[in-house]
Amino acid sequence: MSFMNKTEAQARILKLRQEIDFYREQYHVYDREVISPAALDSLKHELYTLEQQYPELITPNSPTQRVAGRALEKFAKVEHQSRMLSLEDVFSWEEIRDWEGRMKRILPNQKFDYYCELKMDGLAISLIYEYGVLKQAATRGDGFVGEDVTQNIKTIEAIPLSISDPSPRVEVRGEAFIDKKTFVRLNRERAAEGLEAFANPRNLAAGSIRQLDSNLVAARGLSFMAYGLFTDLGQKTHQEEHQILQKLGFRTGKHDEHCSSIEAVWKFCEKWKGAKRENLPYEIDGVVIMTNNLSLYEKLGVVGKTPRYAVAYKFPAVEKTTIVKEIVLQLGRTGALTPVAILDPVEVAGSTISRATLHNFEEIKRLDLRLGDTVIIQKAGDVIPKIVQVLTNLRSGKEKIFKMPSHCPNCESELSQKPGEVLLYCLNKKCFSKQRRALLHFIKTVEIDGIGEKNLDVFVENNLLDSIDDLYQLAVGDLLTLPGFAEKKAQNIIDNLRNKKQLNAVKFLAALNIRHVGIETARDLLEQWRDQLTWPLSPLDFWKFISALKSEDFLSINGIGENTVASLLEYFADDHQEKLWRKLSDLGVRLASGFRTFSPNGKNSGMTLAGKRFVVTGTLEKWQREEVKDLIVSFGGKVSSSVSAKVDYLLAGAEAGQKRLQAEKLGVKIITEGEFLQMIK
Ligand code: IVH
């Protein structure tokens, strides 16, 4: 966030505290997740950072200074013999190093080693064993006083009812949690009963342990992972604590590791922050990093609610909070204007985000978004980041309402809205930016090498290019007049263009900026038309064929919906476009079907995939995904974008994720690149 002076910081701190406290109470006391834990962490971190900048503004009631959660009335209260502490969160390698630095300043001659544990996303529980028998189980509550949940905890089979150590009192602490499978099963059962689903396994675990009827708890299949032994049974290190706990019959983290340096700690964190954790049967939300040598704990001491001997590394959040600085309009290749939020740069899931699309102007209204607002942005995997919520309570009053534009920011012509549509359009066909995008889209889609954005701009600025047909009229001499274009470079570009006069019809259709007609739709259309045309053919002949079609002809094609039909009818009724297709024909552009033809002797007809439907997913080794799709089509097969029962094969590369699961569920055959190669050999 940008720098704030003290008065601004004070106002912001007060707002943040109120807001965090509200969410905390909802989450910890009532098990209601009003905001995602990641977004809440992000607000807490902002508060923490501001308080570090102005330590004089820290007050004892700040959320940074206390453990969340008040004991509910329904269970008996239990006073903890030693306070149940919480951990300071760290979010990066730098913060982990800083933490080690702080400890080294306190104990300069000390050698540190560490124990790293996966941080279970559940509920902390303290277990008291007297003379080997489980006597009491309690939740953390506020750290001093928790709730007696012994009856409920006894239903968890991962917790031994008796242990082999006969000491008068042994205290074990750990996390009660629910694994992913059980979570899915329970939510399915709840849905069948018409009940609201639990937001996440943590909420379900917490909600279950607070059930008054322990029979209900038993049905919920909770588990427990022990992480701390709070009685001296001879352990010298945290690692030994884990070993003793295992011997006593507790489940401990099997992936937990001893690390002899802070660098090794970071390696452990990096190993688990990625996709690896998706394969775990339970949710984790970070790594707990403990100094291993127990004799240091007292020397290092406790600050407020958190000990210095440990920190919790939180995985990069998929949700973060930031501020919307500006909203700009981005002109797309169809002339549609998309509002884009310019953000105070913030790191989300490993990458810095400074822009987020708002899709359309209705979305701004729906979110009630104003300039200067604090927002939650979300990024899931490789999906583009989006704004999911505006935190209106954090407004200072200085936020500005965004004014809907009436004119194109580029060419100033009046914008128009089509009936029933939420998008605004610039209908000026000459609008520079729109033109540029349209050209770039064509060049990329039909794969003309050597003309990237930079060259394109030079061509357009020098009035060499105005429309797609101009591309095929360029000559070496035109280019030689331009700065930085020597003979060879110019010749190469012109050669590339000549080589691209024979175009694949699917790509040609997808390259023309017809709304709703991307590569998949173009493929669907061509699959239907390929046998009705004689290939190769000129764009003009293709135009004549398509423009003679009626709405019903389009609609009968698999995968073509009403919006696409409307847009096709509009495009193929436009004289301006017809002129373009005619010009391209005159310039020698020809279209090939992109499909293999039958060879007369039958056997290897080239249509080996005829009638088979494929979905392609994951990262492939030999090909780009689009290349494989072209191959499938060229061998007579069909390509779908999603897995359904109609699909015959899922061609799955590395990290195939959701689609693989879906295919497994539906019994769709999953094949590798190698197997696919065999099919077309
Ligand atoms: S060690 C002083 N190990 O995370 C507390 N904690 O934010 C030392 N947690 O209060 C805790 N998994 O409830 C430890 N493997 C693990 C954990 C773990 C989850 C929880 C625990 C703790 C909180 C700290």
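Both ligands and their constituent atoms are indexed starting at 1 by order of listing.
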Check your understanding: So, is Y227 polar-close to ligand 1, with some N/O to N/O distance under 3.5 Å?
Key -> yes
Review point. If every non-hydrogen atom of R370 is compared with every non-hydrogen atom of V324, which pair is closest and at what distance?
Key: O-CB, 4.4 Å
Review point. Has R173 got any heavy atom lying under 4.0 angstrom from an atom of ligand 1?
Key: no
Check your understanding: Hey, is ligand 1 close enough to P307 that some N/O pair sits below 3.5 Å?
Key -> no
Exercise for review: Report the C-alpha separation of D113 and H258 in whole Å, then their side-chain angles, then the decisive distance to 0.1 Å, and conclude whether the side chain to side chain donor-acceptor pair (under 3.5 Å) test is met.
Suggested key: CA-CA 8 Å; D113 64 332; H258 174 260; 2.7 Å; yes
Review point. Can an N or O of D256 be found at a distance shorter than 3.5 Å from an N or O of ligand 1?
Key: no
Point to revise | Identity of the nearest option to atom 9 (N) of ligand 1, non-hydrogen atoms only, from M290, K305, H238, E175 | key: E175
Check your understanding: So, Y114 versus Y313, ring centres under 6.0 angstrom or not?
Key -> no
Point to revise | ligand 1 to L118 polar contact by distance, N or O atoms, under 3.5 Å | key: yes
Exercise for review: Run the numbers on T374 and T321 for side chain to side chain donor-acceptor pair (under 3.5 Å), then give the verdict.
Suggested key: CA-CA 7 Å; T374 304; T321 56; over 6 Å; no
Check your understanding: Just distances here: any N/O of K119 and N/O of ligand 1 closer than 3.5 Å?
Key -> yes
Check your understanding: Which atom pair, heavy atoms only, marks the closest approach of F230 to S82?
Key -> CD2-OG, 4.1 Å
Check your understanding: So, R277 side chain and K273 main chain: donor-acceptor pair closer than 3.5 Å or not?
Key -> yes
